[in-house]
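Heads up, the thing below is written out as structure tokens.
Every value quoted in this text rests on a predicted model; they were computed, and no experiment measured them. Each chain gets a letter, A, B and so on, in the order the sequences are listed, and its residues count up from 1.
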Amino acid sequence: MARSIVTSERPRGWSGIGRTVLAPFLRFRESSVAVVVVLLGFYFWTANNAFFTSDNIATISQLTAPTAIIAYGETMLLICGEIDLSVGQVFALAPFIMDFVNQAGVPLPASVVLALIASIAVGFLNGLFTVFLRVPSFVATLGMLFLLNGVTLTISHGFPVHTPGGAFFTAVMGQAGFAEIVWALGLLGVMHLVLAHTRFGLHTIATGGNLVGASEAGVRVGAVKMANFMLTSLFGGFAGILEAVRIRSTDPLAGGTEAMFAAVVGAVIGGTALAGGSGTIIGAMLGTLLVSVLKDGFTLLGVSAFTFDMILGVAILVAMVLNVRLSTLRRGGQV
Amino acid sequence: MSATAADAIRTEDIVKRFGAVTALAGVTMHLAKGEVLGLIGDNGAGKSTLVKILCGFLQPTEGRIYLDGREVRLRSVTHARSLGIETVYQDLALIPELTVYQNMFLNRELTGRPLPLLNHREMKLRAEACLREMGVRIPSVNTEVAKLSGGQRQSIAIARSVYSQAKVLLLDEPLAAMGAKEGALILGLIRNLKAKGDVSMIVIAHNYAQVLEVCDRVNLLEHGTVALDKPARETSVEELTELVVREYRAAAQGGHR
């Protein structure tokens with residue numbers, strides 16, 4: 001019974017150099033997005049040499065970072081089979097909470113922590129409605145979206161306020177040239193580790209891949225979903241605080257559905273399946289980066305915002321078609 | 001009849017009613033240690049209900065279950081599992097997006113220290129060793145389950161249950177929807193497990209030839225009771241088929257005349 005389990009059968013179909021070169025790209029879905037980012041960057045650079053200046057790189061990093069941070073959470077949630085539409089409103093609410101708590105006399109770092117705890121509480125409620133009261137997350141978080149928007153507008157009276165903070169705090173929390181992207185890359189590392197190398201990550205994939213099967217295996221699918229709702233809100237709140245600190249203004253209309261959709265688009269272009277079960281954090285970052293590069297490049301070229309939306313729409317559709325095609329190929333064992 | 005310690009599992013007069021419908025009308029059966037018992041019967045005979053009771057998913061309306069000679073009340077699937085009763089469902093409960101070794105270690109993952117990170121290396125090695133010992137052949141433990149054939153998936157599901165130190169394995173139609181080659185693969189796997197003698201199995205199946213090939217004994221369920229209990233070598237495909245079909249024939253003839 002000492003037979004080897006590794007059979008020598010190789011999938012047939014295509015062979016030679018083409019296979020050797022293409023296979024890694026198909027196997028690691030992020031790599032195709034990375035290639036597109038590089039190609040786009042190269043194109044914009046040749047079209048306008050202002051593209052590769054440190055100022056513009058900083059601009060791209062500022063476009064990317066907050067959305068990418070939201071996208072990490074949204075990716076986790078999509079992988080386990082749920083979605084959070086309210087995360088853009090947590091983005092707007094969190095810095096107001098930080099501001100109010102700080103004005104009430106709490107030191108700023110502690111105010112940040114309290115604002116993040118409040119964000120987690122929103123995720124807890126989203127999870128409660130979805131997991132225990134069985135409202136589909138699309139609807140539950142849609143309700144939360146309006147509720148939070150109303151709360152933020154009410155407590156702010158609809159006006160932006162100056163974000164508090166001394167020089168050091170402000171620099172670290174987003175204003176220093178690359179502070180936001182450093183946060184985003186740090187969290188990228190942490191979340192990649194969480195998704196690919198912890199039980200929680202594995203259980204998140206299992207929950208989205210086969211809910212019944214996962215629970216039959218004893219995975220606490222409800223707890224996994226709850227945790228991911230809280231994680232998403234936490235990241236939404238954190239990104240909101242970073243942005244409020246960076247632009248020195250806490251705006252009740254910051255973030256919103258635009259930030260939320262941008263994060264979902266980043267996740268989806270990065271290869272996350274809306275139906276759950278698959279996706280990567282690196283993909284979410286690259287997907288977000290791709291959209292930022294497009295947005296920035298078109299602005300440099302003077303392409304109108306209207307055209308940009310059209311291109312973005314096409315990009316999403318192409319990404320999704322490729323996603324479906326590639327996963328069919330992968331499933332067929334051809335790659 | 002009293003339970004004997006030689007039986008891995010034993011039931012006495014199991015009755016299960018769903019409202020006015022009686023699914024099981026007093027099932028008394030036993031499974032000896034190390035034995036493979038074939039459970040056959042037509043659709044609606046009560047096979048699935050019996051298995052669901054034995055795996056703790058359903059509670060019997062009446063009757064007793066003995067495990068290793070001790071009476072038990074199986075409160076839930078988790079409870080039954082903690083007592084060493086593992087079920088391989090028809091849907092297999094595998095996660096298509098995860099790899100073979102990730103599925104085998106789902107919810108009992110090995111983690112390292114001090115950081116609780118997954119020990120992929122060790123899990124792969126152990127999964128490979130386990131599958132090799134059981135004679136399961138797959139391309140690699142790194143393969144996503146979605147890429148495997150039906151037979152390979154079934155093997156992984158069985159291997160996973162055995163790896164969890166199951167004492168009693170319930171296999172719900174392990175050969176359903178499988179070609180001859182794949183079926184032979186699973187039968188080989190069951191035979192390997194039997195040779196080792198650590199686990200007793202109940203196999204539900206429709207293909208009588210295959211049942212007789214791999215089982216020690218056959219129980220035929222009919223109208224919620226055990227209508228036949230014979231060692232496999234004392235019966236034949238013809239006899240079993242005849243027993244299952246005769247009623248239909250009687251009913252059909254009665255209906256036509």
Notebook entry, point to check: So which bits of residues 126-136 of chain A come within less than 4.5 Å of chain B, counting non-hydrogen atoms only?
Noted result: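 Listed by number, there are no contacting residues, so the answer is none.
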Notebook entry, point to check: Which residues in residues 212-220 of chain A have any heavy atom lying under 4.5 Å from a heavy atom of chain B?
Noted result: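 Gly213(A), Ala214(A), Glu216(A), Ala217(A), Gly218(A), Val219(A) fall under the 4.5 Å cut-off.
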Shortest non-hydrogen contact from [X] toward [Y]:
| X | Y | answer |
| --- | --- | --- |
| Leu94(B) | Asn210(A) | O-ND2, 2.8 Å |
| Leu118(B) | Ala196(A) | CD1-O, 4.1 Å |
| Gly276(A) | Glu97(B) | O-OE2, 4.2 Å |
| Leu98(B) | Ala206(A) | CD1-CB, 4.1 Å |

Margin query: Can you tell me how far apart CG (Leu106(B)) and CG (Leu202(A)) are? Round to the nearest 0.5 Å.
Written below: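 Spacing of CG (Leu106(B)) from CG (Leu202(A)) equals 6.5 Å.
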Notebook entry, point to check: Out of curiosity, Ile205(A) CD1 to Gln102(B) CD, how far, rounded to the nearest 0.5 Å?
Noted result: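 Reported to 0.5 Å precision, the distance equals 6.5 Å.
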Check: Does any heavy atom of chain A fall under 4.5 Å from the side chain of Arg81(B), the backbone, both, or neither of them?
Finding: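 Side chain only.
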Next item on the list: Below 4.5 Å from any heavy atom of chain A, which atoms of Thr78(B) appear? Answer side chain, backbone, both or neither.
Entry: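 Interface part for Thr78(B): neither.
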Checklist line | Engaged part of His203(A) at the chain B interface, taking heavy atoms whose separation is under 4.5 Å | finding: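 Looking at His203(A), just its side chain touches chain B.
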Next item on the list: Using salt bridge (Lys or Arg N to Asp or Glu O under 4.0 Å) as the criterion, list what pairs up with Arg199(A), not counting sequence neighbours.
Entry: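 Arg199(A) satisfies salt bridge (Lys or Arg N to Asp or Glu O under 4.0 Å) with Glu109(B) once adjacent residues are dropped.
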Check: With Ala232(B), which residues qualify under side chain to side chain contact (heavy atoms under 4.5 Å, CB included), at least two apart?
Finding: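 Partners of Ala232(B) under the side chain to side chain contact (heavy atoms under 4.5 Å, CB included) test: Leu212(B), Val218(B).
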